[in-house]
Chemist: 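Structure provided below as structure tokens; questions to follow.
Only a predicted model underlies this, so the values are computations on that prediction, with no experimental measurement involved.
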Amino acid sequence: MKLQKIIAPALAALLASAALPGLANATVTVLGWPGGSEETALRGTVDAYNKTAADADKVELLFFNRDGFYDKLQADMAAGSSAFDINLVATYSIGRYAPYMEPVDLGPDAAKVFGDSVLKTMQFDGKQYGVPTDLSLHFMYYRKDLIDALLKDDAAKKTYSELAKKVLGKDLQPKDPDSWTWDDWAATALYFSKQANPDSPVRYGTVLQMKNLLFNMMVFQSLPRSYGGDWMDASGNVTVDSDAYKTGLQLYKTLYDAGASPKDSLSYEYPETNAAFAAGQAATALQWNAAAADLTNAEKSPAVAGVTGIVAPPAGPNGRADHIHGLGLGINKNAKNKEGAVKFLKWLATEDAALTYARGGGSPALTPEVVAKIASERPDLVKLGEFASKYGYVMNGATSANALSVYELQAKEFTGYWSGQQSLEDALAHTKAGMQDLLKK
């Protein structure tokens, strides 16, 4: 009996430890985005954190499959899963997951690392739901050789101005791309289009992404945004039927009808735009920042790599605007170790952690002061951080539970207008009605 009393507790303790492997070394579980640079960067950053963290705060990683990731995540969170303390969240899905998450205070230094506009990509209803880890926005890519030649040729300048007056009704002269308004970009796109200017050295002035696809709306909407456009006003009224949206939609259609973009642009998205620009067929392209790695790579894009310039999207009356959305990490409401989760997220929002993540291959948008410390290693992050800090925005309502459905609605209606299947007035009326239903409180 005495021997049993001694052995039983020891055996129970042994079985408990065997049933929970890693408990002593990792008590904060993080569910991350699987595959690609995001996983690689997160693994390296967690390794760095675990080297100095107390045993009770150490982190272990968990990854689902990519297929059906967001649906599985929502189902697990709605069911009250505590399998992870920290979970992945995206700007356009925060509203979907917010009911199952807890806001987090990242501390005052987070704004110094990321900037307010980037932090807003992880906010919903005025509360911070995560640390922004990877950011996506848009660059205006252009052919430096073509623009330089245009600016030095008086005869070319004359043709440029004549086209701008004829098609756009504007008196314009060629400018450096970093000073472009949307009208300047449009005039440039017309000049470098064979259909509008038979003497153009390339076939198209630009490559518009006009396919009925929600992500194309993210590319497009910086145009109306720079004219003051938004999804809703401060009172929650849908404002998509504004002059700003009318101007943007009409400008796209004007360029498409004039042949400044390929006729099959109505089926174009990211890969088609990249292919056309990389082949040397277009003078400009408003495209995701992720394309920079390919378009400036001599092996992948030999025709344009050495002559591709990058600036922020053109300006409207309200200045420049650049759509941003990001991936981040936030706290599961049913987390087993919320205290440890908060410690890790606050550390992840520090300068040292952000730089570690960037060196690991991630794409965080950092303030100029912080990104300068990694500029030689990651020059692409310099423009990413600069543009996000200066021009980044999130539409009012774009983090709601139905944000993706709003983008899908816009894609359907706007493509219908661009393709000539419905009028501008009908497209905006249908969009407004649908958004009112999707965004109602």
Chemist: Assess whether salt bridge (Lys or Arg N to Asp or Glu O under 4.0 Å) is satisfied between Lys383 and Asp380, documenting all intermediate values.
Modeler: CA-CA 6 Å; Lys383 289 188 183 294; Asp380 57 309; over 6 Å; no
Chemist: Just verifying a value: how many Å separate Phe114 CZ and Glu351 CD, rounded to the nearest 0.5 Å?
Modeler: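 If we round to the nearest 0.5 Å, Phe114:CZ and Glu351:CD are 10.5 Å apart.
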Chemist: So which heavy atom on Asp184 is nearest to which on Gln173, and how close?
Modeler: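 Shortest heavy-atom separation between Asp184 and Gln173 comes out as OD1-O, 4.4 Å.
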Chemist: Relative to each other, are the rings of His325 and Phe215 parallel, tilted or perpendicular (30° and 60° limits)?
Modeler: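 The arrangement is tilted - the two ring planes meet at 30° to 60°.
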Chemist: Charged N to carboxylate O under 4.0 angstrom, Asp85 versus Lys336?
Modeler: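 No, no charged N to carboxylate O under 4.0 Å.
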Chemist: Between the side chains of Glu162 and Lys166, is the shortest nitrogen-to-carboxylate-oxygen separation below 4.0 Å, so that they form an ion pair?
Modeler: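 No, Lys166 and Glu162 are not salt-bridged.
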Chemist: Any sub-3.5 Å donor-acceptor pair from Thr356's side-chain atoms to Thr45's backbone N or O?
Modeler: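 Between the backbone of Thr45 and the side chain of Thr356 there is no qualifying donor-acceptor contact (under 3.5 Å).
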Chemist: Any side-chain heavy atom of Thr188 sitting closer than 4.5 Å to one from Tyr160?
Modeler: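 Answer yes - side chains close enough.
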Chemist: Answer with yes or no whether the side chains of Tyr357 and Asp134 bring together a donor and an acceptor at under 3.5 Å.
Modeler: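 Yes, Tyr357 and Asp134 have a side-chain donor paired with an acceptor closer than 3.5 Å.
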Chemist: Before accepting this row, confirm whether a basic side-chain N of the pair Asp352/Lys373 lies closer than 4.0 Å to the acidic partner's carboxylate O.
Modeler: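 Answer for the salt bridge query: no.
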Chemist: Can you tell me if Ser200 and Ser193 form a side-chain donor-acceptor pair at under 3.5 Å?
Modeler: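 On atom types as modelled, these side chains do not qualify, holding no pair under 3.5 Å.
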Chemist: Should the ring pair Tyr49 and Trp347 be called parallel, tilted or perpendicular, given that the plane angle runs from 0 to 90° and is split at 30 and 60?
Modeler: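 Ring orientation, 0 to 90° scale: tilted.
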Chemist: Using the six-membered ring wherever Trp is involved, compare the ring planes of His323 and Tyr407 and label them parallel, tilted or perpendicular (cut-offs 30° and 60°).
Modeler: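 If you compare the ring of His323 with that of Tyr407, the planes turn out perpendicular.
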Chemist: State whether a side-chain donor-acceptor pair under 3.5 Å links Tyr393 with Ser222.
Modeler: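 Indeed, the side chains of Tyr393 and Ser222 share at least one donor-acceptor pair under 3.5 Å.
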